[in-house]
A.B. asks: 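Sharing a structure with you now.
Both ligands and their constituent atoms are indexed starting at 1 by order of listing. Side-chain atoms are counted along with the backbone in the values below, which use heavy atoms only and exclude waters and symmetry mates.
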Amino acid sequence: MKIQTVLLSTVAATLTLALAQGGALPKLAVKPTYRVCFNQSEMDNPWRLAQTKSMQDEAKRLGWTLIFTNANGSAAKQVSDVRSCIAQRVDAIFLTPREQKPLTPIVLEAKRAGIPLFVIDRTVDETVAKPGQDFVAFIGSDFYDEGRRAAEWLVKQTKGQAKIIELQGSTGSSPAIDRQKGFADYIRKYPGIKIVASQTGNFTRDEGRKVMEALIQAHPEATAVYAHNDEMALGAITALETAGRKPGKDITLVSIDGQKSALNAIIAGKLGATVECNPRFGVKAFQTLKDYAAGKKIAPRLVNEDRFFDVTNARQMLNSAF
Ligand code: GYE
């Protein structure tokens with residue numbers, strides 16, 4: 001490396017660090033109502049719809065003004081959505097970052113602008129922007145553990161023998177990264193369990209179906225599917241049936257989210273199990289904001305409790321699923 005490059009990258013690293021670590025979190029006054037932003041990443045599956053509804057319902061119940069933006073699956077649009085919330089001087093921001101890295105600098109920008117920001121559902125790059133330091137808190141599920149739980153079920157169900165096709169979530173998103181890792185770390189100690197192919201289906205049913213169409217052609221030996229969300233698992237079921245396979249019989253599927261249609265697929269014997277990922281954030285997110293304004297100590301990570309659904313409880317839990 002040339003000396004200038006070394007110097008430049010050192011300056012850049014120091015700057016990032018200074019920006020990330022400078023100063024306390026912005027304060028929030030106690031008020032009867034607030035004007036807050038909710039910056040959603042996309043609205044293309046039941047999970048997102050349920051999450052948005054839960055935020056809107058709670059804002060309505062409290063009589064707060066909720067400015068809602070939808071990035072339509074574009075990290076760049078989401079950055080400008082947050083920036084426009086900063087420009088509007090809202091009281092606080094709830095951000096559900098589509099991807100980790102591209103959404104990290106804007107979190108630091110909100111802090112510099114004096115606006116408290118809550119990261120909900122997915123997270124940012126926490127080595128650069130830290131919960132409790134650069135943003136108030138992360139509220140969401142433990143995605144690593146969701147991946148681990150899916151693996152644990154699959155290993156048991158297949159008695160330690162499986163050739164797995166993995167359908168990953170949106171590339172660069174924290175649930176895709178952590179669900180991949182939690183699963184991979186767990187299966188490492190089982191020599192009979194192998195991932196034969198892994199590709200992104202972008203968390204959508206249609207892409208899940210298309211990707212599975214191609215992968216099952218290339219890997220007819222597959223005996224299991226691990227999908228990072230239910231929508232992709234449901235798409236995969238369609239693709240597998242078209243290819244003449246029998247989901248639930250000659251191929252075992254496990255996924256994550258716990259939406260109603262997935263529970264119905266479990267009842268129909270096609271999907272094996274799904275780890276819940278609770279999308280109902282409204283009450284918790286708004287309560288955390290109120291606690292923060294009141295000066296209470298907020299834990300940097302507020303982790304949601306997630307249930308687990310399989311043939312033993314799907315029918316009974318159906319009504320409580322989203
Ligand atoms: O699993 C998926 C959604 O970020 C946890 O995103 C969320 C995930 C969820 O699109 O269905």
A.B. asks: Hey, are K156 and E152 close enough for a salt bridge, meaning a charged N less than 4.0 Å from a carboxylate O?
C.D. replies: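 E152 and K156: not salt-bridged.
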A.B. asks: For ligand 1, would you mind listing the residues that have at least one heavy atom less than 4.0 Å away, ordered by chain and number?
C.D. replies: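 Residue list for ligand 1: N45, W47, R48, D121, R122, F143, P175, R179, F203, N229, D257, C277.
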A.B. asks: Is it true that E241 and R245 make a salt bridge, defined as a side-chain N closer than 4.0 Å to a carboxylate O?
C.D. replies: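 Looking at R245 together with E241, the answer is no, because their closest N to O distance does not fall below 4.0 Å.
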A.B. asks: Cut-off 3.5 Å, side chains only: do D125 and T104 have a donor facing an acceptor?
C.D. replies: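 Side-chain D/A pair, D125 to T104: absent.
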A.B. asks: Compute the centroid of each ring, for Y226 and then for F183, and state whether the two points are separated by less than 6.0 Å.
C.D. replies: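 Centroid separation for Y226 and F183: below 6.0 Å.
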A.B. asks: Which word best sums up how the rings of F68 and F38 line up, parallel for under 30°, tilted for 30 to 60°, or perpendicular for over 60°?
C.D. replies: tilted
A.B. asks: I would like to know whether E58 and R61 meet salt bridge (charged side-chain N to carboxylate O under 4.0 Å, His left out); could you show each step before the answer?
C.D. replies: CA-CA 5 Å; E58 187 61 4; R61 197 182 70 81; 2.9 Å; yes
